[in-house]
Amino acid sequence: MAAEGSYQASTFNLELEGEIQRLKAQVIISWEKEARTLKWFGLADGMKVLEAGSGPGFFTEKLVELLPNSSITAVEIDPVLQEKAAEYLHQKAGGRVNHVQASVGDTGLPANSFDFAIARLLFVHLPDPVAAAREIFRILKPGGKLVIIDNDADLFWLTNPPWSVEIVREKFKQVIASRGGNLCVGRNLCSILKEAGFVSVDLEAVVSHSDIIGIEAFQPLLDSGPILQMVKQGLISESEIASYLVSRDKFEAAGDRRLIMTFGLMACGEKNQ
Ligand SMILES: C[S@@+](CC[C@H](N)C(=O)[O-])C[C@H]1O[C@@H](n2cnc3c(N)ncnc32)[C@H](O)[C@@H]1O
């Protein structure tokens with residue numbers, strides 16, 4: 001199946017191994033708090049769980065560990081990432097992960113079959129997020145819940161010394177939008193859930209801070225490689241990223257005094273009993 005939307009790691013311009021490491025770091029940074037919020041929203045061991053847009057499988061691995069008696073269906077559109085996840089999880093999952101190559105908008109899975117669904121860093125890339133939420137609604141059991149974990153570009157991070165990312169961020173927004181995604185999807189998560197039919201919609205923030213988990217955990221997110229790649233592709237000019245690079249160097253020069261705080265969003269909706 002061809003990848004669709006604004007995330008196409010194995011067919012697009014991203015350097016695949018670097019991108020996979022970045023995804024791994026993003027799971028590690030916020031897993032503990034995401035796990036406790038998922039439990040607070042009602043995720044429990046033994047449930048039949050759907051993970052949509054599962055990518056290379058690092059988040060799936062955490063779910064397998066958190067839920068030792070659950071089966072997890074991992075829906076992923078990209079065959080290369082799906083294959084990587086299947087290999088990665090083969091030993092670790094003990095047959096509890098069912099890999100399905102499909103789009104979240106048309107999973108082909110039976111109606112009313114899951115207790116809990118999670119979509120992490122997926123909705124940001126979807127051209128039709130409401131259709132995707134409706135499909136998940138269809139395959140959830142009555143009383144089942146969907147949690148969407150995503151960011152909003154205007155609320156992504158704070159740093160000290162300040163790193164001036166505004167121009168680059170605006171450019172990223174444009175590029176993702178031109179490919180059908182929405183880097184500011186965080187603010188729309190509740191309305192997406194409501195429009196798809198979910199009730200009891202709620203929203204939580206997950207804050208990760210270098211004073212708590214250490215600056216090293218954030219290192220893969222601080223890599224300027226993807227920005228420099230955008231310059232090479234002519235998506236942004238060298239003069240446009242000049243202030244970004246100056247402030248990045250000041251940030252790096254601050255060494256142990258560097259501080260970074262990131263904000264994730266977790267929206268939950270329930271399918272009526
Ligand atoms: C940024 S990655 C996040 C991966 C994983 N959820 C995580 O948190 O590490 C987004 C994933 O969603 C997948 N994806 C994008 N559009 C999709 C769609 N329509 N249906 C299913 N998966 C999709 C991408 O191929 C990619 O693996």
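In listed order, ligands and their atoms are each counted from 1.
Between Asn151 and Val185 there is no side-chain heavy-atom pair separated by less than 4.5 Å.
Under a 4.0 Å N-O distance rule, the pair Asp115/Lys145 does not qualify as a salt bridge. A salt bridge between Lys84 and Glu87 is absent, with no side-chain N of the basic residue lying under 4.0 Å from a carboxylate O of the acidic one. Here Arg120 pairs with Glu34 in a salt bridge; the nearest charged N to carboxylate O distance falls below 4.0 Å.
Within the 4.0 Å heavy-atom criterion, neither part of Val124 lies near ligand 1. Of all the heavy atoms of Val104, the ones lying under 4.0 Å from any atom of ligand 1 are found in both the backbone and the side chain. Contacts of Ser54 with ligand 1, taken as heavy-atom pairs under 4.0 Å, involve the backbone alone.
Heavy-atom distances between Ala52 and ligand 1 stay at or above 4.0 Å for every pair. The shortest separation from a heavy atom of Ala102 to ligand 1 is under 4.0 Å, placing the residue in contact.
Annotation: Phe116 is not in aromatic contact with Phe41 [ring centroid separation under 6.0 Å not met]. For Phe156 and Phe263, the ring centers sit 6.0 Å or farther from each other.
At a 3.5 angstrom cut-off on N or O pairs, Asp78 does not count as close to ligand 1. Backbone and side-chain nitrogen or oxygen atoms of Ser103 are examined, and one is located within less than 3.5 angstrom of a nitrogen or oxygen of ligand 1. For ligand 1, none of its N or O atoms has an N or O atom of Val75 under 3.5 Å away. Between Gly53 and ligand 1, at least one pair of N/O atoms sits closer than 3.5 Å. At least one N/O-N/O distance between Glu76 and ligand 1 falls below 3.5 Å.
Counting the atoms of ligand 1 from 1 in the order shown, those under 4.0 Å from a heavy atom of Leu122 are 12 (O), 14 (N), 15 (C), 16 (N), 17 (C), 22 (N), 23 (C).
Across all their heavy atoms, Asp150 and Leu122 have their closest contact at OD2-N, 3.7 Å.
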Original post:
Going through the checks in order, is the ring-ring contact (aromatic ring centres under 6.0 Å, His included) test met by Tyr244 and Trp163?
Top reply: CA-CA 7 Å; Tyr244 166 90; Trp163 187 338; 5.6 Å; yes
